[in-house]
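Computation of the quantities below employed the complete heavy-atom set of this structure, encompassing side-chain atoms and omitting hydrogens, waters and symmetry-equivalent molecules.
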2 protein chains.
Amino acid sequence: MTETLPPSSVGRAVHRTRPGTPRPGIPRQAAEAAILAAAERVFGLHGFRGASVNEIAREAGVPKPNIHYYFGTKEELYCSVLENIMTFWLRDADDWLVPERRAREGFEGYIRAKMAFSRERPDASRIFAYEVLQGAGNIHHYLSTTLREHVARRARTFEVWHRERQMPAIDPVHLMFAIWSMTQAYADMSAQISAVTGHAVLHDSDFEAGLQTILRLVLGFCNDIEDRA
Amino acid sequence: MTETLPPSSVGRAVHRTRPGTPRPGIPRQAAEAAILAAAERVFGLHGFRGASVNEIAREAGVPKPNIHYYFGTKEELYCSVLENIMTFWLRDADDWLVPERRAREGFEGYIRAKMAFSRERPDASRIFAYEVLQGAGNIHHYLSTTLREHVARRARTFEVWHRERQMPAIDPVHLMFAIWSMTQAYADMSAQISAVTGHAVLHDSDFEAGLQTILRLVLGFCNDIEDRA
DNA sequence: GTCTATACTGAGATAGAC
DNA sequence: GTCTATCTCAGTATAGAC
């Protein structure tokens, strides 16, 4: 909703609602969107405690008090950003990791989608990583209900695939965390990866090589059932 | 050096160096060790910017100014902790991922060692994760020299193993990051894993199930060469 | 509805007593 | 060498002008 809002749209929306009003400032809708986009960047850089409202205000091009006026406390703003992110979190799996698909096709599509997320919204991935590192206090309810059910659905998919001899039996929870950690590393650990490859920033070729490596690990695993047959 | 120092050793070391001195406080050696141990815990909980010198002083049981007296700035203390951690970082690979071993044995031993590290020193793992999330500014030199050469040595090991038909050819950098991200997840993402499993904290059985899953992905990959033969 | 000025708190750091 | 008291400053948040 806010993730692709260009900075220019903030300026575009500046207009005087009433002729006599001095310095009308940025209207509510554009300001809120700009603040959310800036908050995603700044929280993604420094985490919750490391980020300052000042920096978010500067990034968003709004006066600092407006952030409190629109969102209340810093924590409430942070939770708004987290909610925005988490709606995106689960979408891909419901497209790909479903019994109707072939196992190999499902895993490949899902892993490609997760790698695309790491490339396109690294700040969102990092905010989530910070939050989990901190102990996930702000999203514990979400993790232990919504995400847990989400994993349970994947478990049923894997069971079907296993019965159809498309993959071996495996612990679904730990397989999902293996896929999540490998793909999210290309956002969360990008500084480390780029330092080792010697590139100043991750190239398309780095994402492609990472994708191929992960695909070989996970799809190679699916082959195991054929070895035993 | 400091990682296994029990809190009790702090108290044990309290003694008066000179009879007439009023309130001698904790001697330097014990105080420094206590501060480093406390810093690892607190930085591991909140990251660099999120941690406060106050909290570290409280944890260590020393007055706040002593931290500045012994370590200078907060950042210098943080770098001392990082150095402590990084010496442990590379040790295991030089034991296991060497051409003298069999590929399967080497991968299994290495992955077991990394999982043990995540279980035994989760704070150390999390400090590293925070630092990399922040952009790795404090360890960039280390990553682009020491760690890079370390990965290059692994690349030579994998080449040998490949020539001996023990494993297929693969991008060594991305294989190492796959293993690191999967194993470190059991420290860095433990809050998320425990929320999904429903356990309040990770059990031994969770680490064991994770270990088996990772081993199957990586060792299954080694089997691929046999499929093609 | 928007923004300037400011209050209040806790941070890192230091001077100087003991 | 150690610790109490304090300084300075950035942080969040708010009161009130426009």
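- Nearest-nucleotide positions on DNA chain C place A:Q29 closer to the 5' end than the other of B:E75 and A:Q29.
- The separation between A:H46 atom NE2 and D:dG11 atom P is 11 Å, rounded to whole Å.
- One interatomic measurement links the two molecules: CG of A:N66 to P of D:dT14, which rounds to 14 Å at whole-angstrom precision.
- With a 4.5 Å cut-off on side-chain heavy atoms, B:F177 and A:V196 count as touching.
- In this structure, A:Y70 places its OH atom 16 Å from C1' of D:dT14, rounding to the nearest Å.
- Atoms NE2 (A:H68) and P (C:dC8) sit 16 Å apart, rounded to a whole Å.
- Aromatic ring orientation, A:F43 versus A:Y78: perpendicular (interplanar angle above 60°, classes split at 30° and 60°).
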List, with names and distances, any nitrogen or oxygen atoms from the protein found under 3.5 Å away from nitrogen or oxygen atoms belonging to nucleotides 9-11 of chain C.
none

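- Using the six-membered ring where Trp is involved, B:Y186 and A:H174 have ring planes that are parallel, under 30° apart on the 30 and 60° scheme.
- What separates CD1 of A:I67 from C1' of C:dT2 is a distance of 14 Å, to the nearest Å.
- Here B:Y69 does not reach the OP1 or OP2 of D:dC3: none of its side-chain N or O atoms lies under 4.0 Å away.
- Residues satisfying the side chain to side chain donor-acceptor pair (under 3.5 Å) criterion with B:E55, sequence neighbours excluded, are absent altogether.
- Judged by distance alone, with hydrogens and angles left aside, the side-chain atoms of A:T157 form a donor-acceptor pair with the main-chain N or O of A:R153 at under 3.5 Å.
- Ion pairing between B:D171 and A:R216 fails under the 4.0 Å rule for side-chain N and carboxylate O.
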